[in-house]
Amino acid sequence: MVPRLRLISGLILFAYVLTHFVNHSLGIISIAAMEAMLAVVYPFWSYPPVTILLYGALVTHMTLALYALWQRRSLKLTFHETVQYVLGFAVPLLLAEHVTNTRVAAAFYGGDFGHYKYVLSTLWYGNPKNGVLQMALLFAAWTHGCIGLRFWLRLQPWYDALQPLLFGAAILLPVFALLGYVAGGREIGVVLAQNPSYVVHLLAAQPPPEARPALFVVTWGIRFVFLGAIVSLLIARTVRHEWWRRQGVARISYPDGRSIEVVRGFTVLETSRLLGVPHAAICGGQGRCTTCRVHVRGAPGALPQPTSAELQILRRIGSPPNVRLACQLRPQGPVDVTPILPAFAPAREAFQSPFYVQSGERQIAVLFADIRDFTRVTETKLPYDVVFLLNRYCRAMGTAIESAGGRVDKFTGDGVMALFGLEADGVTACRQALGAAREMSIQLVALNKALAPELNAPLTMGIGLHFGSAIVGDMGDGRWRSLTAVGDTVNTASRLETLCKVYECELVVSGVLLASAGVEFQEARPQEVKIRGRSAPLIVHTLKSARGLPYDSDEIRAAKISAA
């Protein structure tokens with residue numbers, strides 16, 4: 001509820017500032033244009049229910065800002081958070097004088113603020129200092145609001161596409177507002193040059209000079225109340241921190257060997273920032289995304305149960321029990337944490353990262369393929385011709401793998417590794433792998449036909465297929481992270497691919513994969529082989545050509561085939 005109230009109140013205030021900027025911008029045309037829009041805007045914002053809503057949003061937003069400061073266990077902020085807090089707390093201090101000299105003055109001392117000519121005359125010629133403060137107020141509120149909107153909107157899938165337009169609007173609108181304010185002041189100056197008593201007449205409609213001491217007291221009274229609330233909050237935080245420290249500490253350790261003891265109640269994300277450990281948090285640690293998630297391990301009682309909100313967002317991406325949100329987890333004892341995403345993860349990973357990137361054990365089918373005697377094929381070709389040939393081969397094999405439902409893990413020159421079952425059950429994964437092998441063989445025939453004038457002899461390849469447990473996840477560091485799989489299943493599939501040379505065939509598939517797929521056929525000869533790195537022998541089946549598989553890829557991908 002708190003984040004929603006902060007968002008709703010912030011949107012109401014931003015709409016108020018937006019209408020002000022648009023209204024100011026019309027000053028580029030004329031004061032008459034400003035008055036025309038003000039005739040619509042001013043009655044709306046002055047309508048009692050809307051006024052109550054506006055001031056209620058202001059009080060709510062400021063109160064929640066103080067509450068957010070109270071909730072933080074550490075005051076070590078990121079640059080964006082620092083700017084957000086400084087500008088946010090500057091708004092009430094700048095707003096005090098504006099509210100006092102307009103709404104309060106109009107209510108108790110009279111005055112007309114429903115026309116721009118009065119406002120501009122006051123700000124330009126009656127009290128220029130207030131004019132500067134008024135523009136500073138608008139720019140502080142606008143920048144604060146734009147930062148908040150960016151933290152909210154960048155979690156949306158369409159944000160990246162519209163970001164240039166939104167950024168342009170965020171820059172240009174305040175510039176237009178400033179130009180409109182200056183143009184309106186100059187227009188007042190032209191009238192003043194023709195009629196020196198014009199401004200005197202307008203200022204006479206404002207509150208009398210004897211009202212200024214009372215308005216001054218009200219202005220600084222508002223400021224002192226707000227500053228007093230901030231100071232009191234900081235003192236209370238200090239007292240609370242000392243009380244927490246007496247209740248005990250929790251040690252949080254990171255993979256690089258660093259660890260720190262913090263008082264219980266600190267989140268893992270706050271601890272990371274306190275220790276200087278880079279940690280992704282696209283939403284700013286508000287629990288609205290999953291980029292700060294970590295693998296966590298702790299003693300019994302060290303890990304509190306996740307809240308319903310945290311549990312809901314973790315279930316949304318299918319996280320295992322040992323994955324928690326760093327911005328929500330408050331360890332009560334010693335824990336080891338490992339951030340899952342790189343420290344500068346893009347916003348698109350906030351919700352879209354599938355569960356299998358979180359480095360866990362899965363049952364998958366693995367495919368390895370390699371062109372036979374590729375060195376002999378390319379020894380008489382120019383480098384660019386080799387690149388052309390490999391690109392055609394990779395495109396054909398990648399299309400075959402993806403059309404069967406697999407995922408290309410990597411291309412290594414003339415070789416390819418593919419994974420099946422990242423988002424499917426074991427039976428489907430095995431059938432997809434068989435379908436991919438058949439499609440790859442078909443694609444190779446088509447490729448040989450298309451490249452016949454360029455080749456001295458047709459390309460041939462070997463394919464190895466195996467099924468079993470593997471560790472699947474987003475592995476690596478920083479820019480070099482990528483989804484891959486490691487383990488005995490991967491190594492075995494690679495060894496089976498090399499056996500294609502021994503048996504002079506195109507496909508070597510393990511009996512485990514065929515049994516898991518629920519298919520068998522006479523054409524594939526069973527062999528018992530010793531695999532390097534494995535203690536027990538493995539039953540494999542060899543096939544002269546993968547095109548001899550008796551099932552087409554559509555049937556295998558749809559998992560409609562049955563045991564022969």
Side-chain angles (χ1 to χ4, degrees), residues 12-55 57-58 91 94-142 145 169-209 211 215:
I12 294 172
L13 296 175
F14 189 80
Y16 183 72
V17 176
L18 178 63
T19 57
H20 270 59
F21 269 15
V22 174
N23 214 156
H24 281 32
S25 300
L26 292 177
I28 298 175
I29 301 174
S30 66
I31 292 181
M34 299 172 80
E35 297 282 7
M37 180 174 176
L38 189 64
V40 176
V41 173
Y42 186 79
F44 172 78
W45 290 114
S46 299
Y47 185 58
V50 178
T51 300
I52 293 173
L53 180 66
L54 177 63
Y55 282 104
L58 177 63
V91 168
L94 294 171
L95 185 64
E97 188 159 3
H98 174 66
V99 172
T100 302
N101 290 329
T102 54
R103 296 297 181 101
V104 175
F108 293 97
Y109 299 101
D112 188 352
F113 296 96
H115 296 85
Y116 254 103
K117 60 182 179 180
Y118 294 111
V119 176
L120 289 174
S121 299
T122 300
L123 296 179
W124 273 97
Y125 302 100
N127 193 341
K129 183 196 72 168
N130 281 351
V132 175
L133 292 178
Q134 171 72 0
M135 295 310 297
L137 165 63
L138 287 177
F139 277 99
W142 178 259
I171 295 295
L172 292 177
L173 191 54
V175 172
F176 289 155
L178 180 60
L179 293 176
Y181 176 71
V182 173
R186 294 187 64 182
E187 187 174 338
I188 294 290
V190 171
V191 177
L192 178 62
Q194 299 173 353
N195 182 8
S197 63
Y198 176 74
V199 173
V200 176
H201 172 71
L202 291 178
L203 294 179
Q206 306 308 309
L215 296 176

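For the single chain, residues carry numbers from 1 onward in sequence order.
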Is there a side-chain contact between [X] and [Y] (heavy atoms, below 4.5 Å)?
| X | Y | answer |
| --- | --- | --- |
| Tyr47 | Pro49 | yes |
| Trp45 | Thr19 | yes |
| Leu26 | Ile29 | yes |

Please check: side-chain N/O of Glu187 versus main-chain N/O of Ile31, any donor-acceptor pairing under 3.5 Å?
yes
Atom [atom1] of [X] and atom [atom2] of [Y]: how far apart are they, to the nearest 0.5 Å?
| X | Y | atom1 | atom2 | value |
| --- | --- | --- | --- | --- |
| Leu58 | Leu95 | CG | CG | 6.0 Å |
| Leu94 | Met135 | CG | CE | 12.5 Å |
| Gln134 | His20 | CD | NE2 | 6.5 Å |
| His24 | Leu138 | NE2 | CG | 5.0 Å |
| Tyr16 | Tyr55 | OH | OH | 6.0 Å |

Taking only residues two or more places apart in sequence, or in another chain, which ones meet [X] in a side chain to side chain contact (heavy atoms under 4.5 Å, CB included)?
| X | answer |
| --- | --- |
| Val132 | none |
| Leu18 | Val22, Trp142, Leu173 |
| Ala183 | none |

Considering all heavy atoms of both residues, which atom of [X] and which atom of [Y] are nearest to each other, and what is their separation?
| X | Y | answer |
| --- | --- | --- |
| Phe139 | Leu178 | CZ-CB, 4.2 Å |
| Ser25 | Ala177 | OG-N, 3.3 Å |
| Phe21 | Pro174 | CE2-CB, 3.5 Å |

Does Phe176 have more than 12 heavy atoms from other residues, nucleotides or ligands lying within 6.0 Å of its CZ?
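Atom CZ in Phe176 is not crowded, with 12 or fewer foreign heavy atoms closer than 6.0 Å.
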Evaluate side-chain contact (heavy atoms from CB on, under 4.5 Å) for Asn23 paired with Tyr42, printing each intermediate quantity in order.
CA-CA 10 Å; Asn23 214 156; Tyr42 186 79; over 6 Å; no
The test is side-chain contact (heavy atoms from CB on, under 4.5 Å); show your working for Leu54 and Leu13 and say whether it passes.
CA-CA 7 Å; Leu54 177 63; Leu13 296 175; 4.0 Å; yes
Run the numbers on Ile28 and Val182 for side-chain contact (heavy atoms from CB on, under 4.5 Å), then give the verdict.
CA-CA 8 Å; Ile28 298 175; Val182 173; over 6 Å; no
